[in-house]
Amino acid sequence: MIDLKLLSDDFEATAARLVRKRVPIELVRSARDLAESRRQVVREVDDARQEMNAGSQSVGRLMREGRREEADALRAGLADSRGRIEALEARRREVEEALDDVVARIPNIPDDVVPDGTSEDDNRVVRTHGYDPADYEGRSYEPHWEVAGRLGIYDGERAAKLSGGMFSVLRGGGARLLRGLVDFALDLHKDRYLEIAPPHAVRSDVITRTGHLTKFESQAYKLRDDDLWLIPTGEVPLMGMHQDEILPEADLPLRYMAYTVCWRREAGAAGKDTRGMQRLHEFHKVELAELCRPEDSDAELAALLGDCERSLQTLGLPYRVVELCAGDLTFSASRVFDLEVYSPGVDRWLEVSSVSLVTDFQARRGAIRYRKEGGGTAFVHTLNGSGLATPRVWSAIVEHGQQPDGTVRVPAALVPYVGTEVIAG
RNA sequence: GGAGGGAUGGCAGAGCGGCCGAAUGCGAGGCUCUUGAAAAGCCUUGAGACGCAAGUCUCCGUGGGUUCAAAUCCCACUCCCUCCGCCA
């Protein structure tokens, strides 16, 4: 959630920044007005309470002094003021509910350096690494599901039999490639990130406060008999760990990585780009996530982006870095860089990582703070990015590594992890 | 799943319905003493909301109830611990 103070202190500027993210101005106005109403009601409640507290204390004093009749008289009057407090409280709840509802629709404020734009088309390619169209001329590339299907390392039909569409079954060298990718990613980042093995099911409270379950949409799977949700990303437990904590400043930044399975319902996303392993309900991912001081978050974002790029560089995959425009930013992010790998089999750039700066948006809802060395507390900034999202990297390796004889060449850096230079089945 | 115990500030740990936002100890910060340090002594030290400020309000696991008044009494829930059962 955003800082409501920004709306009362500097409405025009804040509204202008939100409008860049396609937020309707009426929504921002209504948040400001409701916040003001709330302030007023809270003040009335406080005043009423003060009166009541003072009265109650007088009753106590009179009783101790043995002045019974005076105490009884006062007590009768206080019963009424309790009714008044209850009425005011009811109004406060009403206003707060309305405010929460509006605030829940307001996304994080885009960073001023983010380019203007309203859609994907306005995103900016920052740089391209390792890609030369000449490399692909004079040869045909098949999509990964063809290559992998023929090798028997990917079985889409059995996956559908077990679980329906958008699930995968990997076999033999395909399963080994998946496992190797995970190990590779964890090893690559172990010096800067603390490895965590978190739960894959979390409470409603946790997934809500990390921003992955809202009144308006749910990408997550719910367990039937318990108040638990399967995580859509490792970010959820990594950030949820510190909810309601006040961290010592000296502990920051906290950099974590976690290998988890991720589940996404992706309702309505069926159809396009779903062939093979491009989009799955269940996939494996090594997530990088961190908490830091606000003044460090720009530098941490650059470093995190570099770390995520390093995964692709080391694997020798051609990719480009795309900065999302204001109108295309995800709800919680103030700034996002997508990493897209070139997939020759489908001749497309596929998003394999989304590196996000979330500023204090997530920390505010999750109440993740730190104690400043000079005194006082403040919300941390949070960041996250995929260190390696397996399905699309897996398929990119298959498409790039395909050889005339139908086998797949394994990138050199991955050979020790997969245990073979060539996947032949 | 069954039986019992518990949840209070950074930690440990008190707390007869009113003088309790809360003893005490530890930790942390400041000061005195000292050449310096230790020891000792003194002082300070939870979070949040509103307010220029004085100050007021909220928070003792969560939610409800009783009462003029709840950390304290009642109800429900959640979590933790111990024992039993089951189990990778």
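Chain identifiers are assigned alphabetically (A, B, ...) following the order of the sequence lines, protein sequences preceding nucleic acid strands; residue numbering begins at 1 within each chain.
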Go ahead and name the base partner of [N]; Watson-Crick or wobble counts if both distances stay under 3.5 Å, otherwise write none.
| N | result |
| --- | --- |
| rA76(B) | rU62(B) |
| rG1(B) | rC84(B) |
| rC31(B) | rG41(B) |
| rC11(B) | rG25(B) |
| rC50(B) | rG55(B) |

What are the two closest non-hydrogen atoms of [X] and [Y], and how far apart are they?
| X | Y | value |
| --- | --- | --- |
| Met239(A) | Leu383(A) | CE-O, 3.5 Å |
| Pro107(A) | Ile2(A) | O-CG2, 3.3 Å |
| Asp338(A) | Val336(A) | OD1-CG1, 3.6 Å |

Spacing of the [atom1] atoms in [M] and [N] (rounded, Å):
| N | M | atom1 | answer |
| --- | --- | --- | --- |
| rG13(B) | rG46(B) | C1' | 16 Å |
| rG2(B) | rG85(B) | P | 16 Å |
| rC77(B) | rA22(B) | P | 33 Å |
| rC60(B) | rA47(B) | C1' | 13 Å |
| rA38(B) | rU32(B) | P | 14 Å |
| rG10(B) | rU44(B) | C1' | 15 Å |
| rA76(B) | rG27(B) | C1' | 38 Å |
| rA23(B) | rC43(B) | P | 15 Å |

Say whether Tyr319(A) and Gln313(A), considering side chains only, have a donor N or O and an acceptor N or O under 3.5 Å apart.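 Yes, Gln313(A) and Tyr319(A) have a side-chain donor paired with an acceptor closer than 3.5 Å.
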Judged by each residue's nearest nucleotide on RNA chain B, which is more toward the 5′ side, Arg61(A) or Val45(A)?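 Per heavy-atom nearest nucleotide, the more 5' residue is Arg61(A).
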More 5' along RNA chain B: Leu74(A) or Asp46(A), using each one's nearest nucleotide? Asp46(A)
What residues in residues 50-60 of chain A put a non-hydrogen atom under 4.0 Å from any atom of RNA chain B?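 Per residue number, the list reads Gln50(A), Met52(A), Asn53(A), Ser56(A), Val59(A), Gly60(A).
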Sugar-phosphate, base or nothing in reach of [X], heavy atoms under 4.0 Å:
| X | answer |
| --- | --- |
| Arg371(A) | sugar-phosphate |
| Arg38(A) | nothing |
| Thr377(A) | sugar-phosphate |

Indicate the ring-plane relationship of His284(A) and Tyr259(A), choosing parallel, tilted or perpendicular according to the 30° and 60° boundaries.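 It falls in the parallel class, under 30°.
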May I ask you to decide if the ring planes of Tyr256(A) and His242(A) are parallel, tilted or perpendicular, using 30° and 60° as cut-offs?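 Rings of Tyr256(A) and His242(A): parallel, as their planes differ by under 30°.
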Please examine the side chains of Leu305(A) and Leu301(A), heavy atoms only from C-beta on, and report whether any two atoms are closer than 4.5 Å. no
Please walk me through it: do Lys222(A) and Arg265(A) pass side-chain contact (heavy atoms from CB on, under 4.5 Å)? CA-CA 10 Å; Lys222(A) 172 83 169 67; Arg265(A) 296 184 60 242; over 6 Å; no
Contact boundaries on RNA chain B for chain A, cut-off under 4.0 Å to non-hydrogen atoms: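 Using the under 4.0 Å cut-off, the span is rG18(B) to rC79(B).
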Phe167(A): which of Lys161(A), Arg158(A), Glu282(A) passes side chain to side chain contact (heavy atoms under 4.5 Å, CB included): Glu282(A)
Salt-bridge contact Asp33(A)-Arg29(A) (side-chain N to carboxylate O under 4.0 Å): no
